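Below is one structure; the comments refer to it alone.
Values in this document were obtained by computation on a predicted structure and should not be read as measured data. Chain A is the first sequence line, chain B the second, and so forth, proteins listed ahead of strands; every chain is numbered from 1.
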Number of protein chains: 2
Amino acid sequence: MSSTPKHKASTTSSNRQDYLKAILSLELKGAKASTSAIASKLNTQPASVTGMFGVLSNLGLINYVPYKGAELTSDGRIQAISLVRKHRLWETFMVEKLGFKWDEVHEVAEQLEHVDSEQLIVRLDDFLGFPRFDPHGDPIPDSSGNISDRRSLVEVSSIKVGESASIRGVLSSSDSFLKHLDDLGIRLGLVFSVIKIYSYDGSIQVECDGVREVWSKKLVEQLLAEVK
Amino acid sequence: MSSTPKHKASTTSSNRQDYLKAILSLELKGAKASTSAIASKLNTQPASVTGMFGVLSNLGLINYVPYKGAELTSDGRIQAISLVRKHRLWETFMVEKLGFKWDEVHEVAEQLEHVDSEQLIVRLDDFLGFPRFDPHGDPIPDSSGNISDRRSLVEVSSIKVGESASIRGVLSSSDSFLKHLDDLGIRLGLVFSVIKIYSYDGSIQVECDGVREVWSKKLVEQLLAEVK
DNA sequence: TTAAAAGATTAGGCATGACTAAATAATTAA
DNA sequence: TTAATTATTTAGTCATGCCTAATCTTTTAA
Ligand SMILES: [Mn+2]
Ligand SMILES: [Mn+2]
Ligand SMILES: [Mn+2]
Ligand SMILES: [Mn+2]
């Protein structure tokens with residue numbers, strides 16, 4: 001039992017961690033981490049971001065030039081990537097082990113990612129079988145911070161006849177879509193092979209567990225898979 | 001992604017939750033929640049506790065009379081018990097699913113307990129099979145806040161010949177003790193029956209999975225079990 | 001090339017919680 | 001019953017972060 005400031009004096013508060021993560025996500029998109037961009041991502045005000053940029057800069061986590069935005073230093077990048085790793089592992093845990101839907105886990109992971117324990121993540125990763133992608137198809141950085149390329153996942157609609165693949169993620173999280181997946185028994189990790197492609201309407205015939213089914217074009221355009 | 005104050009405006013900050021939990025733990029021991037007692041539990045100063053007592057009192061979570069200490073209101077009690085429930089479920093998760101030792105989980109649970117999601121706990125409880133005791137033998141409050149009596153656990157040393165029981169907790173968390181349990185293959189949930197009690201040295205012969213072993217007096221005095 | 005618009009920073013505050021030192025109650029011992 | 005000791009509260013600060021309004025900079029458009 002201990003009050004908040006004591007919970008293992010982590011180097012960086014959960015607040016600051018979220019800023020680093022927000023900066024990383026912009027950098028990965030090739031966008032500049034301006035105060036207004038970060039403010040809108042974090043639901044805060046540009047003036048507050050300016051203040052935090054000063055703090056993070058003093059901590060050596062970003063390079064900040066007034067009016068020019070922020071860039072992660074290698075220290076800051078390491079922390080941001082570690083946060084992303086935790087976030088995605090927790091999302092995977094919630095979906096794979098606790099039975100949450102793909103669209104229900106983000107907010108909670110946003111909290112869980114800040115739990116400070118190296119061992120917890122090492123063991124969680126192991127428990128989950130070292131997953132490489134989260135339930136949304138986003139890559140999970142490994143313990144050294146390497147992020148595999150999301151592009152190694154493809155839309156199911158682009159898989160060739162005869163190829164086998166496993167479902168790894170989704171591009172939409174609408175209720176109706178997730179419900180439809182449920183109805184069809186399509187879940188993360190499902191292995192299937194493409195038997196036939198119907199050019200008439202873009203639907204495809206697949207085989208899963210020895211059973212053949214047809215998936216519509218609309219469906220397979222929203223599904224991500226890893227080809228074997 | 002969102003900055004701390006946004007993480008789902010929980011009614012009570014994690015800080016305040018820890019205060020409520022500290023007060024509960026004193027009340028359960030029949031002790032008074034004085035500012036100095038709470039301060040020492042939370043590693044803070046009595047003056048800080050006085051301040052927080054004012055806040056919690058205004059929120060209707062405690063009754064506070066200056067110089068007389070604090071008492072939980074029924075609202076405060078509900079919140080404190082809910083926190084204890086989360087804490088113990090997370091400890092159980094870490095030990096049973098992630099393979100942590102019994103003495104390694106408290107600090108991390110101290111953080112995890114503050115993750116704010118009703119569903120997360122409902123599903124975690126289910127995933128764990130609705131455990132009634134945590135790895136330390138402490139009862140896990142159910143979702144209505146009922147706490148079963150810890151006294152329904154007994155020291156293994158007090159079990160009669162012919163009775164069956166399952167290991168539910170420990171009274172010590174010393175490294176050497178936990179290591180010894182490991183060596184003997186004694187783990188949470190292990191089912192055994194008492195075959196013989198040796199009055200000479202207080203050791204007992206037990207049968208687990210059809211195999212007979214002898215456990216020393218020192219060992220069985222530190223082990224808690226639930227008799228069938 | 002300059003004026004308006006958009007973007008960013010500073011200034012001045014506020015809320016939460018913590019800390020130290022000083023003042024005040026409540027206990028305990030004489 | 002009084003004096004000393006111990007416990008608690010108050011007063012005055014500090015650090016984090018957030019907010020609004022005002023004041024720059026930088027861009028964009030005339
Ligand atoms: Mn997410
Ligand atoms: Mn977060
Ligand atoms: Mn806690
Ligand atoms: Mn415990």
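- One finds the CZ atom of A/Phe100 at 11.5 Å from the CD atom of A/Glu91 (value rounded to the nearest 0.5 Å).
- Residue B/Thr35 places none of its side-chain N or O atoms closer than 4.0 Å to OP1 or OP2 of D/dA7.
- Side-chain contact between B/Ser25 and B/Lys41 is present, with heavy atoms from C-beta onward closer than 4.5 Å.
- In this structure, CE of A/Met52 is placed 8 Å from C1' of D/dT16, rounded to the nearest angstrom.
- Between the side chains of A/His114 and A/Asp18, a donor-acceptor pair is found at a separation under 3.5 Å.
- Contact check for B/Leu26 versus B/Lys32: no side-chain heavy atoms found under the 4.5 Å cut-off.
- Close to C/dC19, at under 4.0 Å from its OP1 or OP2, lies a side-chain N or O of B/Thr44.
- Atom OH in A/Tyr67 sits roughly 5 Å away from atom C1' in D/dT25 (whole-Å rounding).
- Using cut-offs of 30° and 60° on the angle between ring planes, the pair A/Phe93 and B/Phe93 is tilted.
- Nucleic acid contact for A/Thr50: base, since at least one base atom lies under 4.0 Å from a heavy atom of the residue.
- Closest to the side chain of B/Ser36, out of D/dT9, D/dA7, C/dG7, is D/dA7.
- Note: CG (A/Asn15) to C1' (D/dA15) measures 13 Å, nearest angstrom.
- As rounded to whole Å, 15 Å separates atom C1' of C/dT16 from atom CG of B/Asp18.
- In this structure, the CG atom of B/Leu59 is 14 Å from the C1' atom of C/dG17, given to the nearest Å.
- The distance between atom CD1 of A/Ile38 and atom P of D/dG17, rounded to the nearest whole Å, is 16 Å.
- In this structure, the nucleotide among C/dT16, D/dT9, C/dA18 sitting nearest to the side chain of B/Ala47 is D/dT9.
- Contact annotation for A/Pro66: backbone-only contact, meaning every heavy-atom pair under 4.0 Å involves sugar-phosphate atoms and none involves a base.
- Toward the 5' end of DNA chain C, the nearer of the two residues B/Lys32 and B/Val55, judged by each one's closest nucleotide, is B/Val55.
- Atom CD in B/Gln45 sits about 5 Å away from atom P in C/dT20, given to the nearest Å.
- Note: OH (B/Tyr64) to C1' (D/dA7) measures 11 Å, nearest angstrom.
- Across all strands, B/Phe53 comes closer than 4.0 Å to no nucleic acid atom at all (heavy-atom distances).
- Within the nucleic acid shown, B/Ser48 comes within 4.0 Å of at least one base atom, counting heavy atoms only.
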